Peer 1: 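Structure below; questions to follow.
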Amino acid sequence: MDSIQKYFPDLSARQLERFEALMPLYEDWNSKINVISRKDLENLYLRHVLHSLSIARLIHFGPGADVLDLGTGGGFPGIPLAIFFPQTNFTLIDGTRKKIRVVQEVADALQLDNVSARQVRAEELKKQRFDFVLSRGVAVLEKLVPWTRPLLKREHEHSLPNGLICLKGGRIKAEVAALPKGEYVELHPIRKFFEEEFFEEKVIVYVQGL
């Protein structure tokens with residue numbers, strides 16, 4: 001929790017309460033359903049919560065905005081961002097039923113009315129449209145961009161045009177190079193936001209929608 005308060009000192013008492021509740025909730029659920037590795041659970045706030053909140057350093061999601069967390073796994077980055085942006089609507093999807101169960105139970109325990117968790121694939125979201133699609137460790141950009149582009153709203157209401165925001169690491173330049181020519185891509189090293197060594201090679205990738 002110290003790292004969260006270090007970088008986000010203006011959190012409300014309710015937000016702090018919800019962030020503090022994450023560890024016991026995930027410890028309890030992880031003992032029943034393994035959604036986070038033991039080593040990562042010990043570093044929950046650094047490797048999952050703060051990592052997710054790096055997106056809040058890139059963009060401020062507005063009230064009433066609709067954001068999709070594609071392949072949310074155990075609820076990251078969607079759950080921490082839903083705590084941080086309580087007036088933004090977050091839809092968290094994953095193809096694994098047990099993971100979605102954990103996500104929904106955590107959201108319910110935290111009384112996050114702005115979270116909807118669904119076991120569904122991106123291509124099944126035929127009617128919903130979003131301002132942004134988020135992804136962490138799901139697939140390469142070459143696959144993610146065509147999956148997510150049809151899900152984006154046409155109207156732009158944020159400092160960044162609607163698009164895909166990914167948390168990535170490793171050989172990201174090769175992924176960007178594999179995209180079709182003409183794609184607008186921004187790379188934001190997370191080390192410019194957070195000083196911890198864990199973020200040394202971590203990057204936020206933004207790909208603009210149409």
Side-chain angles (χ1 to χ4, degrees), residues 22 25-26 29-30 33-37 40-41 43-44 47-56 58-59 61 65-85 88-107 110 112 114-153 162-172 174-176 178-179 183 185 187-188 190 201-209:
L22 287 176
L25 282 169
Y26 278 104
W29 276 105
N30 223 49
I33 301 171
N34 188 27
V35 291
I36 299 174
S37 71
D40 272 0
L41 186 59
N43 295 282
L44 178 74
R47 297 187 178 184
H48 293 280
V49 181
L50 190 60
H51 192 198
S52 299
L53 291 177
S54 64
I55 292 173
L58 176 68
I59 184 171
F61 296 125
D66 295 299
V67 178
L68 174 68
D69 181 0
L70 172 64
T72 188
F76 303 96
I79 291 288
L81 289 171
I83 296 173
F84 194 86
F85 296 107
T88 298
N89 304 311
F90 288 87
T91 300
L92 280 56
I93 67 170
D94 200 279
T96 306
R97 181 181 296 276
K98 67 178 184 179
K99 291 180 179 179
I100 285 299
R101 180 190 173 196
V102 172
V103 170
Q104 188 63 66
E105 293 285 353
V106 169
L110 297 175
L112 289 174
N114 60 331
V115 169
S116 171
R118 299 173 59 190
Q119 183 193 3
V120 67
R121 297 169 64 89
E123 54 267 33
E124 297 177 79
L125 296 172
K126 297 185 182 299
K127 295 183 179 180
Q128 280 187 274
R129 294 294 178 269
F130 303 90
D131 296 278
F132 293 93
V133 178
L134 313 179
S135 174
R136 187 178 80 142
V138 173
V140 295
L141 293 173
E142 193 175 13
K143 292 183 178 179
L144 281 170
V145 170
W147 286 351
T148 58
R149 185 150 284 159
L151 301 174
L152 295 170
K153 295 179 184 178
N162 300 349
L164 172 67
I165 299 175
C166 298
L167 294 173
K168 288 279 189 179
R171 300 182 59 197
I172 187 57
E175 286 193 38
V176 173
L179 290 173
E183 293 286 358
V185 182
L187 302 181
H188 298 271
I190 296 180
E201 296 184 358
K202 299 290 191 293
V203 178
I204 303 174
V205 183
Y206 164 73
V207 184
Q208 185 174 319

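In what follows, residues are counted from 1 in the order of the sequence shown. Computed from a predicted model, the values in this text were never measured in an experiment.
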Peer 1: Please identify each residue that fulfils side-chain hydrogen bond (donor to acceptor under 3.5 Å, both in side chains) with R129, with sequence neighbours left out.
Peer 2: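 With sequence neighbours excluded, R129 shows a side-chain hydrogen bond (donor to acceptor under 3.5 Å, both in side chains) to no residue whatsoever.
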Peer 1: Go through the structure and list residues passing salt bridge (Lys or Arg N to Asp or Glu O under 4.0 Å) with R121, not counting sequence neighbours.
Peer 2: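 With sequence neighbours excluded, R121 shows a salt bridge (Lys or Arg N to Asp or Glu O under 4.0 Å) to E123, given in chain and number order.
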Peer 1: What is the distance from atom CG of L81 to atom OG of S52, rounded to the nearest 0.5 Å?
Peer 2: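 So the CG of L81 and the OG of S52 are separated by 6.0 Å.
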Peer 1: Please enumerate all residues that pass side-chain hydrogen bond (donor to acceptor under 3.5 Å, both in side chains) together with R101, with sequence neighbours excluded.
Peer 2: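 With sequence neighbours excluded, R101 shows a side-chain hydrogen bond (donor to acceptor under 3.5 Å, both in side chains) to no residue whatsoever.
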Peer 1: How would you list, by chain and number, every residue that makes a salt bridge (Lys or Arg N to Asp or Glu O under 4.0 Å) with R118, sequence neighbours excluded?
Peer 2: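 Testing R118 for salt bridge (Lys or Arg N to Asp or Glu O under 4.0 Å), a comparison that skips the adjacent residues, returns none.
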Peer 1: Return the set of residues passing side-chain hydrogen bond (donor to acceptor under 3.5 Å, both in side chains) with E175 (not counting sequence neighbours), or none when no residue passes.
Peer 2: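 Only K168 meet the side-chain hydrogen bond (donor to acceptor under 3.5 Å, both in side chains) criterion with E175.
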Peer 1: Not counting sequence neighbours, which residues clear salt bridge (Lys or Arg N to Asp or Glu O under 4.0 Å) with E124? List them please.
Peer 2: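 E124 satisfies salt bridge (Lys or Arg N to Asp or Glu O under 4.0 Å) with no other residue.
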Peer 1: So which atom in L167 and which in P77 form the shortest heavy-atom distance, rounded to 0.1 Å?
Peer 2: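 Heavy atoms only, the tightest pair is CD1-CB, 4.3 Å.
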Peer 1: Measure the CD1-CD1 distance between I165 and I59 for me, rounded to the nearest 0.5 Å.
Peer 2: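 Here the rounded value is 5.0 Å.
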Peer 1: Is there any salt bridge (Lys or Arg N to Asp or Glu O under 4.0 Å) pair reaching into residues 132-141, and which pairs are they, with sequence neighbours excluded?
Peer 2: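 The answer is none; no pair qualifies.
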Peer 1: How many angstroms lie between CG in L58 and CZ in F132, if you round to the nearest 0.5 Å?
Peer 2: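 With rounding to 0.5 Å, CG (L58) is 8.5 Å from CZ (F132).
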Peer 1: If the condition is salt bridge (Lys or Arg N to Asp or Glu O under 4.0 Å), which residues does D131 pass it with, not counting sequence neighbours?
Peer 2: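 Residues passing salt bridge (Lys or Arg N to Asp or Glu O under 4.0 Å) with D131: K153.
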Peer 1: Nearest 0.5 Å, what's the CG-CD1 distance between L92 and I100?
Peer 2: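 Separation between the atoms: 6.5 Å.
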Peer 1: Going by the rule ring pair (Phe, Tyr, Trp, His ring centres under 6.0 Å), which residues pair with F90 if we only count those two or more places apart in sequence or in a different chain?
Peer 2: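 Ring pair (Phe, Tyr, Trp, His ring centres under 6.0 Å) list for F90, sorted by chain: empty.
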Peer 1: Fit a plane to each ring of F76 and H48, take the angle between them on a 0 to 90° scale, and name the class: parallel (under 30°), tilted (30 to 60°) or perpendicular (over 60°).
Peer 2: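 The arrangement is tilted - the two ring planes meet at 30° to 60°.
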Peer 1: Checking side-chain polar atoms at under 3.5 Å, does D66 have a donor or acceptor matched by the opposite partner on N89?
Peer 2: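 Yes, side-chain donor-acceptor contact under 3.5 Å.
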Peer 1: Would you compute the distance between atom CD1 of I172 and atom NZ of K202 and round it to the nearest 0.5 angstrom?
Peer 2: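 Between I172 CD1 and K202 NZ, I get 12.0 Å after rounding to 0.5 Å.
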Peer 1: Under a 4.0 Å threshold between the charged nitrogen and the carboxylate oxygen, would R171 count as salt-bridged to E201?
Peer 2: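 No.
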Peer 1: Going by ring pair (Phe, Tyr, Trp, His ring centres under 6.0 Å), name the residues that satisfy it together with F130, two or more places apart in sequence or in a different chain.
Peer 2: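 Once residues adjacent in sequence are excluded, F130 has no partner under the ring pair (Phe, Tyr, Trp, His ring centres under 6.0 Å) criterion.
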Peer 1: Excluding sequence neighbours, so at least two apart, what forms ring pair (Phe, Tyr, Trp, His ring centres under 6.0 Å) with F84?
Peer 2: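 Listed in chain order: F8.
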Peer 1: Going by atom type alone, with no hydrogens or angles, which donor-acceptor pairs under 3.5 Å involve a side-chain atom of residues 140-148 and a protein atom two or more places apart or on another chain?
Peer 2:
unit_1 : atom_1 : unit_2 : atom_2 : d
T148   : OG1    : L144   : O      : 2.9
T148   : OG1    : V145   : O      : 3.4

Peer 1: Looking at V49, L22, D69, which one forms a side-chain contact (heavy atoms from CB on, under 4.5 Å) with I79?
Peer 2: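 Answer to the side-chain contact (heavy atoms from CB on, under 4.5 Å) test with I79 among V49, L22, D69: L22.
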Peer 1: Report the distance from atom OG1 of T91 to atom CG of L70, rounding to the nearest 0.5 Å.
Peer 2: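 That separation rounds to 11.5 Å.
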